[in-house]
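A quick write-up on the structure given underneath.
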There are 2 protein chains.
Amino acid sequence: MAEAVGERMGVVTALVRSAFLVDAVYADSAREYGLTQQQGQLLCVLMPRSYGMGELGEVLGLAKSSLSGLVDRTAKRGLVRRETDPSDSRAVRVGLTEEGGRLAGEFYAETCRRIERLPSGLGDDERQALADLLARVVRDNEVPPVFMVLDEDQG
Amino acid sequence: MAEAVGERMGVVTALVRSAFLVDAVYADSAREYGLTQQQGQLLCVLMPRSYGMGELGEVLGLAKSSLSGLVDRTAKRGLVRRETDPSDSRAVRVGLTEEGGRLAGEFYAETCRRIERLPSGLGDDERQALADLLARVVRDNEVPPVFMVLDEDQG
DNA sequence: GATGGATGGTTCGCGGTACGAACGAGTATC
DNA sequence: GATACTCGTTCGTACCGCGAACCATCCATC
């Protein structure tokens with residue numbers, strides 16, 4: 001019943017614990033850039049383009065009211081900006097400010113470096129196998145683009 | 001630069017997104033049992049045995065003050081109990097109440113079912129390969145036993 | 001057996017997170 | 001132009017997470 005060394009870990013436990021691990025790394029990295037995990041996530045989502053609030057809520061899995069506050073706080077730090085949609089004056093488009101873009105880039109790069117270290121015990125082929133398997137899980141479950149897709153540029 | 005369909009996903013993105021996915025499933029499951037994610041995590045950690053506060057803080061990656069509050073709130077719901085350590089009257093041992101144990105069991109089982117569905121697009125051998133690779137990452141990075149280790153019993 | 005540091009936890013104040021309900025403003029439909 | 005619908009905000013509530021300050025106990029040393 002106790003955790004036996006060398007015992008085989010099930011896929012459920014492996015998924016949950018690796019998520020826990022990634023979360024911790026992500027939060028640590030964010031903290032060092034003066035961000036919360038959520039703000040970091042927001043910046044990363046906005047890196048490629050701006051989003052409407054509704055869209056953004058769906059991507060991040062947040063209720064409208066939750067997102068409103070998150071954008072408020074992040075805007076107060078000057079990292080994000082609300083722009084009115086010219087085609088619909090109710091709607092709001094949220095985009096990075098210049099400062100936000102810069103910080104997002106740095107935070108993203110640093111976080112990538114840290115996450116990349118996690119599977120350093122695996123060989124290149126194993127790492128690729130892991131990426132492929134996880135990618136299928138991610139795609140099968142239609143995970144929104146919560147983290148950028150640029151890491152194919154990074155070797 | 002945009003997300004091309006069929007493009008190969010790097011291991012970093014795959015890890016981050018799968019973590020995001022698992023988190024969402026975990027939080028959803030907790031919510032349906034009237035728990036927050038953190039309370040669910042706490043219950044799961046306590047399933048095999050009771051812990052001291054310090055120990056528990058390390059396992060969950062929380063500061064002492066954060067944990068104190070979490071235990072308070074969870075105890076107020078009758079799911080967890082503080083017991084004084086007979087060998088050290090400063091120390092506190094936190095354990096599940098009967099109700100907490102019952103709820104933990106149900107929540108754990110349901111969460112496992114849901115997480116298990118995530119890699120349903122993989123074949124048996126692929127799922128096992130994924131489990132093995134992730135297990136190595138988890139072990140290499142010394143992730144604490146934040147989720148139970150019993151899922152080898154579940155086929 | 002007194003003293004002076006470690007150690008285990010709690011409390012407090014602060015900012016952040018997340019939600020649903022209620023609301024106002026704008027758009028769309030008819 | 002009335003009605004319904006959508007977009008987003010505000011509000012109240014509960015929760016989370018931290019550091020700093022604090023208290024009680026333990027323990028090592030004298």
Side-chain angles (χ1 to χ4, degrees), chain A residues 20 23-43 45 50-95 146, chain B residues 20 23-43 45 50-95 146:
Chain A
F20 185 86
D23 271 2
V25 171
Y26 200 98
D28 266 15
S29 180
R31 173 173 264 261
E32 288 186 22
Y33 284 86
L35 298 169
T36 65
Q37 200 168 354
Q38 292 78 2
Q39 290 167 357
Q41 198 96 58
L42 176 61
L43 295 189
V45 169
S50 68
Y51 278 79
M53 292 292 281
E55 231 181 339
L56 208 45
E58 230 167 279
V59 169
L60 294 175
L62 293 178
K64 301 188 299 182
S65 55
S66 312
L67 186 59
S68 225
L70 177 58
V71 171
D72 278 353
R73 290 183 295 272
T74 314
K76 205 179 303 174
R77 299 201 182 175
L79 304 176
V80 129
R81 176 172 37 221
R82 282 182 170 94
E83 293 154 5
T84 54
D85 187 326
S87 72
D88 183 346
S89 67
R90 292 172 303 182
V92 165
R93 297 205 65 78
V94 183
V146 281
Chain B
F20 186 85
D23 272 1
V25 171
Y26 200 98
D28 265 15
S29 180
R31 174 172 264 263
E32 289 187 23
Y33 285 87
L35 298 169
T36 64
Q37 200 168 353
Q38 292 78 3
Q39 289 167 358
Q41 199 95 58
L42 176 60
L43 295 190
V45 169
S50 68
Y51 278 78
M53 293 293 281
E55 231 181 340
L56 208 45
E58 229 168 279
V59 169
L60 294 174
L62 294 177
K64 300 190 298 181
S65 55
S66 312
L67 186 58
S68 225
L70 178 58
V71 170
D72 278 353
R73 290 184 295 271
T74 314
K76 204 179 301 176
R77 298 200 182 176
L79 304 176
V80 128
R81 176 172 37 224
R82 282 182 168 93
E83 292 155 4
T84 54
D85 188 326
S87 72
D88 183 346
S89 67
R90 293 172 302 181
V92 164
R93 297 205 66 78
V94 183
V146 281

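Just so it is clear: chains get the letters A, B, ... in the order the sequence lines come, proteins before strands, and each one is counted from 1.
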Heavy atoms from C-beta onward define the side chain here; which of [options] lies closest to that of [X]?
| X | options | answer |
| --- | --- | --- |
| A:L62 | D:dC18, C:dC19, D:dC16 | C:dC19 |
| B:T36 | D:dC16, C:dA18, D:dT9 | D:dC16 |
| A:V92 | D:dG8, C:dG9, D:dC16 | D:dG8 |
| B:R31 | C:dG8, C:dC19, D:dC16 | C:dC19 |

With a 4.5 Å heavy-atom cut-off, do [X] and [Y] have their side chains touching?
| X | Y | value |
| --- | --- | --- |
| A:V71 | A:M53 | yes |
| A:Q39 | A:R77 | yes |
| B:L79 | B:L35 | yes |
| B:L56 | B:L42 | yes |
| B:Q37 | B:D23 | yes |

- [ ] Could you tell me whether A:R93 contacts a base, only the sugar-phosphate backbone, or nothing, with contacts defined as non-hydrogen atoms closer than 4.0 Å?
- [x]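 Nothing, no nucleic acid heavy atom in range.
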- [ ] Scan A:S68 against the nucleic acid and name what it touches under 4.0 Å (heavy atoms): base, sugar-phosphate only, or nothing.
- [x]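 Base contact.
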Round to the nearest Å and state the distance from [X] atom [atom1] to [N] atom [atom2].
| X | N | atom1 | atom2 | value |
| --- | --- | --- | --- | --- |
| B:L70 | C:dG9 | CG | P | 15 Å |
| A:Q39 | C:dA18 | CD | P | 10 Å |
| B:D72 | C:dC12 | CG | P | 11 Å |
| A:L35 | D:dG17 | CG | P | 18 Å |
| A:R77 | C:dT17 | CZ | C1' | 13 Å |
| B:L67 | C:dT7 | CG | C1' | 16 Å |
| A:Q41 | C:dG16 | CD | C1' | 15 Å |
| B:K64 | D:dC18 | NZ | P | 13 Å |

Task: Residues touching DNA chain C, which here means a heavy atom under 4.0 Å, drawn from residues 81-90 of chain B - done: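 By residue number: B:R82, B:R90.
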Open item on the list: Exactly one of A:L70, A:L60, A:V59, A:L62 should register a side-chain contact (heavy atoms from CB on, under 4.5 Å) with A:Q41. Which one does?
Closed with: A:L60
Task: Closest-nucleotide ordering on DNA chain D, the 5'-leading residue of A:G54 and B:T74 - done: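 Mapping each residue to its closest nucleotide by heavy atoms, the 5'-most match is A:G54.
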Task: 5' priority, DNA chain D, between A:A91 and B:R73 [closest heavy atom] - done: A:A91
Open item on the list: Holding to salt bridge (charged side-chain N to carboxylate O under 4.0 Å, His left out), I want the full list of residues that pass it with B:D72, two or more places apart in sequence or in another chain.
Closed with: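 With sequence neighbours excluded, B:D72 shows a salt bridge (charged side-chain N to carboxylate O under 4.0 Å, His left out) to B:R82, given in chain and number order.
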Open item on the list: I'd like to know if A:S65 reaches the base of C:dG20 with its side chain, counting only an N/O donor and acceptor under 3.5 Å.
Closed with: yes
Open item on the list: C:dT17, OP1 or OP2 - any side-chain N/O from B:Q37 closer than 4.0 Å?
Closed with: no
Open item on the list: Check the phosphate of C:dG16 against A:Q38, side-chain N and O only, distance under 4.0 Å to OP1 or OP2. Yes or no?
Closed with: no
Task: Least distance between heavy atoms, B:G57 atom then B:L67 atom - done: N-CD2, 3.4 Å
